[in-house]
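Atoms within each ligand, like the ligands themselves, are counted from 1 in listed order. Quantities reported herein were computed from a predicted structural model and do not represent experimental measurements.
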Amino acid sequence: MNQACDVVIVGTGVAGLYCALNLPEKLNVRIITKQAADGANSFLAQGGICVLRGEEDFNDYYADTMRAGHFENNPKTVELVLRSSNQIIRDLLRLGVRFNRDAHGNFDYTREGAHSRPRILFCNDVTGREITGTLLQQVRSRPNVTIDEYTTLLDIISKDNACHGVVVSDQAGQISTIGANHVVLACGGLGGLYKNSTSFPHITGDALAIALRHNVAVEHLDYVQIHPTTLFSSKPGRRFLISESVRGEGALLLDKRGNRFVDELQPRDVVSQAIWKQMEADGSEHVWEDMRPLGEQTILTHFPHIYRRCLEEGFDPRYTPIPVVPAQHYLMGGIKVDLASRTSMAGLYACGETSCNGIHGKNRLASNSLLESLVFAQRAADDIVFAARAKRAAPPPEVDLKQYEDLDALFSEYRRAVLKRLERLEAKHG
Ligand code: SIN
């Protein structure tokens, strides 16, 4: 069955949901997502969301973002995101998001690596769940938006470098097309391609492979972030994050003798490298993170989710260090977009981790991702609504759905295409 709508959004993370919320109700919007709507990585974010703390914070926040990114960041993007942050947070509050506050009702700010001051708003250690869950609730109440869960993006429909819609497979395995003048790819990075990742395993870089297939420009697919601290486990499966804000609040990293070996608040790539080096020197599969300096009260109130998970793994962080190891966490590269989230193909947008707008450079500053996703989701929506666009000359092309019947073969091809590009880039950059 072939269907049509005004805008198709792929993904139910903060980028996809916020884009939908920024579109007017007269537009018919379909959101598709590979699993249940709460199966997006945004739900897993722990630490928080950065915000510019007044004009006097601009130079420091800008410098922190650039330094963490090895100055490969796009300065225009950095400035845009920082200057948009107050308005974004205001809007989240309007939508019902609750951030932790101090006894006087003022925002409480936490700190993470490479930040020169605390500027991260948080909701205990489940900030992603609070923000994304609130956005999802809002989207579900919009009469113009439909969410198709367990619906997988198989391809985009393109002709003469213009996007005309998507090909999808639904929960029953039925393959169909959804015609649309605007398609927004907001379906995360590629953590599912890694053995050890904090990502949901079904987030496998499909949109990146589809972009490669259609010659849509991509950038820096080898800029992959390794988070320094995930809970060590010999069990397979998703790695559980020990938020960087735990170190921001005072936790220490220790070697096998109980000695510190690194400044815990350096940028993530620096700390991960130091941990690997230490693991090699110690002949160990992990190092230790000591949360005791935080005190019992902070562990229990700021980090209840992490506390419970550590207990499940047999460690009580109130009394004993926990074993931690680096794991894949984030993709700084992605589908190349401009300041309006436009890709190199007309009508095709990308935002969130799927995209590369240059804000993160070579290494993302902690807690800049939710903010960036929201800013660029809004930019995509603005462009869809306000950009004066010439009418499409070409009618939508016919799609032969037979080519999608062997899904295993299709997704193996997609994986191979992304991995090949990653390997090529890694070989080039050493
Ligand atoms: C964390 O809480 O350490 C992750 C936050 C982020 O990825 O920026």
Side-chain angles (χ1 to χ4, degrees), residues 13-15 40-51 61 64-65 67-69 73 78 81-82 85 88 99-100 108-115 118-132 188-191 194 197-200 203 223-231 238-251 253 264-272 275 289 291 294 298-299 302-307 309-310 317 322 324-332 334 352-353 359-375:
V14 286
N41 280 337
S42 302
F43 282 90
L44 301 174
Q46 293 181 352
I49 178 167
C50 293
V51 64
Y61 184 6
D64 292 347
T65 302
R67 188 171 74 91
N73 325 53
V78 177
V81 169
L82 271 51
S85 65
I88 291 285
F99 294 111
N100 283 38
D108 203 358
Y109 296 95
T110 189
R111 188 173 173 184
E112 296 185 54
H115 281 274
R119 61 167 76 84
I120 299 165
L121 292 169
F122 63 99
C123 177
N124 297 335
D125 52 357
V126 287
T127 310
R129 199 194 300 162
E130 171 67 18
I131 297 176
T132 325
L190 43 60
Y194 285 74
S197 173
T198 57
S199 163
F200 280 119
I203 313 283
Y223 284 9
V224 174
Q225 183 166 75
I226 308 295
H227 196 290
T229 50
T230 67
L231 190 59
R238 198 173 71 71
R239 300 293 111 184
F240 181 78
L241 191 67
I242 303 297
S243 175
E244 194 160 329
S245 54
V246 173
R247 277 176 282 129
E249 295 292 330
L253 292 173
E264 291 81 358
L265 294 181
Q266 286 290 304
R268 286 182 180 168
D269 52 348
V270 177
V271 179
S272 291
I275 293 177
E289 182 160 358
M291 290 174 67
L294 278 66
T298 303
I299 294 175
H302 189 154
F303 301 109
H305 176 58
I306 291 175
Y307 168 70
R309 183 55 183 262
C310 289
I322 57 172
V324 291
V325 64
Q328 193 279 345
H329 182 59
Y330 192 82
L331 174 66
M332 275 75 60
E353 196 178 347
I359 185 191
H360 306 306
K362 202 172 180 181
N363 176 58
R364 175 168 67 76
L365 180 70
S367 286
N368 259 351
S369 57
L370 292 174
L371 176 61
E372 173 235 339
S373 297
L374 293 163
V375 171

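Under a 4.0 Å heavy-atom criterion, Gln225 is not in contact with ligand 1. Residue contacts with ligand 1: Ser367 is included, with a non-hydrogen atom under 4.0 Å away.
Put simply, the side chain of Ser367 reaches to within 4.5 Å of the side chain of Ile120, judged on heavy atoms. In this structure, Ser243 and Ile306 have side chains that are in contact, with non-hydrogen atoms separated by less than 4.5 Å. Contact of the Ile131 side chain with the Phe99 side chain is registered, since non-hydrogen atoms from C-beta on lie closer than 4.5 Å.
The side chain of Leu241, and not its backbone, has at least one atom closer than 4.0 Å to an atom of ligand 1 (non-hydrogen atoms only; side chain from C-beta on). Residue-level proximity to ligand 1 for Arg268 is carried by the side chain, the only part with a heavy atom below 4.0 angstrom.
Residue Ser369 has no N or O atom closer than 3.5 Å to an N or O atom of ligand 1. At under 3.5 Å, a nitrogen or oxygen of Ser243, whether backbone or side chain, sits near a nitrogen or oxygen of ligand 1.
Taking every heavy atom of Ala366 and a limit of under 4.0 angstrom, the matching atoms of ligand 1 come to 8 (O). The Glu244 neighbourhood of ligand 1 comprises atoms 1 (C), 2 (O), 3 (O), with distances under 4.0 Å to a heavy atom of that residue. Against a heavy-atom cut-off of under 4.0 Å, His329 is close to the following atoms of ligand 1: 4 (C), 6 (C), 7 (O).
Checked for salt-bridge contact, Arg268 and Glu244 meet the test: a charged N lies under 4.0 Å from a carboxylate O. Ion pairing between Arg119 and Asp64 holds under the 4.0 Å rule for side-chain N and carboxylate O.
With rounding to the nearest 0.5 angstrom, the CG atom of Leu371 is 7.0 Å from the CD1 atom of Ile88.
Relative ring orientation between Phe122 and His302 is described as parallel, the plane-to-plane angle staying below 30° on a 0-90° scale split at 30° and 60°.
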